There are 2 protein chains.
Amino acid sequence: MDADDIRRSLEGGGLRCTPQRYAVMAFLMSHQGHPTAAEIFEAVNRADPRSSRATTYNNLRDLVRAGLVREVAAEGRAARFDATGMRHHHFICDRCGNVEDIEWFNVPRPASRSLGKRVLRQSELILRGLCTTCAARRATR
Amino acid sequence: MDADDIRRSLEGGGLRCTPQRYAVMAFLMSHQGHPTAAEIFEAVNRADPRSSRATTYNNLRDLVRAGLVREVAAEGRAARFDATGMRHHHFICDRCGNVEDIEWFNVPRPASRSLGKRVLRQSELILRGLCTTCAARRATR
DNA sequence: TCTTAAGTTAGATATATTCAAATCACATGG
DNA sequence: CCATGTGATTTGAATATATCTAACTTAAGA
């Protein structure tokens, strides 16, 4: 994951390697977790070539379209992104909204009949319910 | 799904049966699809007892917390809700952002070790890739 | 009926995303 | 080499979405 790797991934995805786009990609490749667009914007702009909020959104959209970054599902309100290969599922608490990682296990593919001509790239399980804290609180009332 | 059913579900969830809350619940129980908060607000207010935007949001949050309604994952930007039992998975196109339903099939439960004391209520698979239209467009370029 | 915690409201504010116009990078022809 | 056309990229401003505040109202049990 050095500079040339990033440049090559971008070009492989049909995207120019601009300073703003490079910065977004570099940030995502070097961070665990699921930063929101706002967090990425802020982190990237702590470094030098200041980029606008809109550019950050545009670049995230382009990176997702190119398949270089994945948008992770439904973490509260704001979209969240991830470029590290680390797979996991997500547990979302109905009560407090917190999102927690659940260790990866394989999930079955849908029948190819229901998939049709769609191209499947990723799948992820969203589990919903009560987190440990909220489950405890509920039990004591 | 008559009036008393709705009243009873609300009370079962520890929620008062107010006209505004009843209207939200009734709307969700009688509609397929995944309306956004804004759509629910509008639909409910086409009928009589006009309810404010804030109330709609409050009620949706309370209904989700009570487990009577589920918030479905990552359908574009705005949060979307569903109270009909109809289960399905979701396919989200990385390119155009469209969300499509995939017919339901069972997914495995996570190991109870990784679930810990969390209470699991629902699970849903999020599939990502290219929809039929975008896959075709990509192939011809 | 009375009490009161739960619920509702308009408006203000915060947060998230998109748009139209300006700018820039690159290829091509002079 | 430089001018020019073209499409990609960036940007500030506008829009869309969500939440909060603080005053007010109401459902439901005693």
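This one's a predicted model, so the numbers in the text were calculated from it and none came from an experiment. Every chain is numbered from 1, with letters handed out A, B, ... down the list of sequences.
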Mark yes or no for whether [X], through its side chain, and [Y], through its backbone, hold a donor-acceptor pair below 3.5 Å.
X	Y	result
R21(A)	T18(A)	no
R87(A)	S123(A)	yes
R121(A)	G129(B)	no

Should the heavy atoms of other residues, nucleotides or ligands under 6.0 Å from CZ of R61(A) be counted, would the total exceed 12?
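Yes, enclosed.
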Tell me, yes or no, whether the heavy-atom count around E11(A) atom CD, taken from other residues, nucleotides or ligands under 6.0 Å, exceeds 12.
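Yes, enclosed.
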Whole angstroms only, please: what is the [atom1]-[atom2] distance between [X] and [N]?
X	N	atom1	atom2	value
N59(A)	dT11(D)	CG	C1'	12 Å
E39(B)	dA18(D)	CD	C1'	15 Å
D62(B)	dA5(C)	CG	P	18 Å
L10(A)	dA8(D)	CG	P	16 Å
Y22(B)	dA28(D)	OH	C1'	18 Å
E11(A)	dA8(D)	CD	P	15 Å
L60(A)	dT9(D)	CG	C1'	14 Å
E42(B)	dT17(D)	CD	P	11 Å

Looking at [X], does any N or O in its side chain come under 4.0 Å of the phosphate oxygens OP1/OP2 on [N]?
X	N	answer
T55(A)	dT10(D)	no
Q20(B)	dT9(C)	yes
S51(B)	dT9(C)	yes

Closest nucleotide among dA10(C), dG7(C), dT9(D) to the R16(B) side chain
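Closest nucleotide among those given: dG7(C).
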Tell me if the side-chain of R21(B) makes a donor-acceptor pair with the base of dA6(C), cut-off 3.5 Å, by modelled atom types.
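Side chain to base: no pair below 3.5 Å.
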Is it true that L10(B) and F27(B) fall in one hydrophobic cluster, defined by side-chain heavy atoms closer than 4.5 Å?
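Yes.
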Pick from E71(A), R70(A), H88(A): which one makes a side chain to side chain donor-acceptor pair (under 3.5 Å) with H34(A)?
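For H34(A), the side chain to side chain donor-acceptor pair (under 3.5 Å) test succeeds with only one of E71(A), R70(A), H88(A), which is H88(A).
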Between the protein and nucleotides 19-22 of chain D, list every N/O to N/O distance that falls short of 3.5 Å.
{"unit_1": "dT19(D)", "atom_1": "OP1", "unit_2": "R77(A)", "atom_2": "NE", "d": "3.0"}

For T18(A), which contact category applies under a 4.0 Å heavy-atom criterion: base, sugar-phosphate, or nothing?
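Here T18(A) touches the backbone only, sparing every base.
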